[in-house]
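Here is the structure we will look at.
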There are 2 protein chains.
Amino acid sequence: MPPSRDDSVETIQRELTAFARRARATAARMHPELSLVSFTLLAHLADQQGCRATDLAAHYLLDKSTVSRQVAALEKLGFVERRPDPDDQRVQVLHPTPLGYETLASVAASRRAVFRERLADWSEEDLSRFAEYLERYGRTATRSEK
Amino acid sequence: MPPSRDDSVETIQRELTAFARRARATAARMHPELSLVSFTLLAHLADQQGCRATDLAAHYLLDKSTVSRQVAALEKLGFVERRPDPDDQRVQVLHPTPLGYETLASVAASRRAVFRERLADWSEEDLSRFAEYLERYGRTATRSEK
DNA sequence: TCAGGTGGTTGTATAGTACAACGTAAATGT
DNA sequence: ACATTTACGTTGTACTATACAACCACCTGA
């Protein structure tokens, strides 16, 4: 007998919740030097080739004060540098430093390794379907939070 | 062209991470009276029909001090009661109170509603496959953290 | 030009978490 | 049987991530 719609929803909810509960601690244990949040912010900077604190806040639905402090921490660690915006003196354009890029690459690699190992015995087809489902879920979830 | 194995792994990682980052805040906004963690602990008590603080800590990989404080908070809110264990005076068996069951049911219902709405336009087949994938992922993830 | 909006920091408060030290109770080994 | 070790739980302390509010400096448009 196939699971009912409600059963599936229940399972999805339970598993995502469990994952959320574990994620931070796991990430922190794996990379004491770069928390889940810092990692994400730094990755975004690398991806965007620099952006403003406000952009980070908007993109991740964080308060600007939170971003301000996270960025300050990243700067203190030497992972991020601030460049003035010639068109607007209020603005600081944030960029990863070479050390930032390096650290990001190494953390990203080791995170990837963990996931890859964890998903080692999945078929290619299952992997791509799982990825698709998560993206789809992420799109609606993000939308409803805005 | 189908995505490569690495692309899929990358996506899965990114989406799960994004979800983790959002989950707590979202849950807190939805249910100020019962955080994600409290909810989870209370749900476990209901599910197990009572258990010890140590069991909660082991099951959720939390420090016993964390559990102690969470339980104290739940008790203060009137959601949990402690019963002595006749066989071991050190032990307190934790049970949801009637109010605890009630609150749990209402929060669970509203959480379910959010998920149901979010997944409303998914086909039954996609839902059940997504649920399966998450369970499968959860099993390996849990194992590798222990 | 000046009123209101924007970018960012800082003060304050809260939740969740870990680790260490502790008290008490049970279990174990000699 | 007693001493040692282990187990359960609490409390003190500290840290991270977070939000909100107050603020300053700067920009923009009527």
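Within every chain, numbering begins at 1; the chains are lettered A, B, ... in the order of the sequence lines, protein sequences first and strands thereafter. Predicted, not measured: the structure shown is a model, and the values here were computed from it.
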> Angle class for the H44(A)/Y60(A) ring planes (parallel below 30°, perpendicular above 60°, tilted otherwise)?
Replying inline: perpendicular

> Quick one: is the NZ or CZ of R129(B) closer than 6.0 Å to the six-membered ring centre of Y133(A), and within 45° of its axis?
Replying inline: no

> R5(B) side chain to A120(A) main-chain N or O, any donor-acceptor pair under 3.5 Å?
Replying inline: yes

> Between the main-chain N or O of G78(B) and the side-chain N or O of T97(B), is there a donor-acceptor pair closer than 3.5 Å?
Replying inline: yes

> Can you check the R52(B) CZ to dG9(D) C1' distance for me, whole Å?
Replying inline: 11 Å

> Does the pair R52(B)/D85(B) count as a salt bridge with the N-to-O cut at 4.0 Å?
Replying inline: no

Pairs of donor and acceptor atoms involving the side chains of residues 61-68 of chain A, under 3.5 Å and at least two apart or interchain, shall be tabulated with distances.
from   : atom 1 : to     : atom 2 : distance (Å)
D63(A) : OD2    : S65(A) : N      : 2.9
D63(A) : OD2    : S65(A) : OG     : 2.6

> What is the distance from CZ of F39(A) to P of dA17(D), rounded to the nearest Å?
Replying inline: 14 Å

> Whole-Å distance between dT9(C) P and K76(A) NZ?
Replying inline: 15 Å

> With respect to the phosphate group of dG7(C), does any side-chain polar atom (N or O) of S68(A) fall under 4.0 Å of OP1 or OP2?
Replying inline: no

>> Can you measure L74(A) atom CG to dT16(D) atom P for me and round it to whole angstrom units?
In response: 13 Å

> Between L34(A) (CG) and dT16(D) (P), how many Å, whole number?
Replying inline: 13 Å

> Rounded to the Å, how far apart are Q92(A) CD and dT6(C) P?
Replying inline: 18 Å

> What is the per-nucleotide protein-contact pattern of nucleotides 17-29 of chain C, from the 5' end, where B denotes a base atom under 4.0 Å from a protein heavy atom, S denotes such proximity for sugar-phosphate atoms only, and - denotes neither?
Replying inline: SBBB----BS---

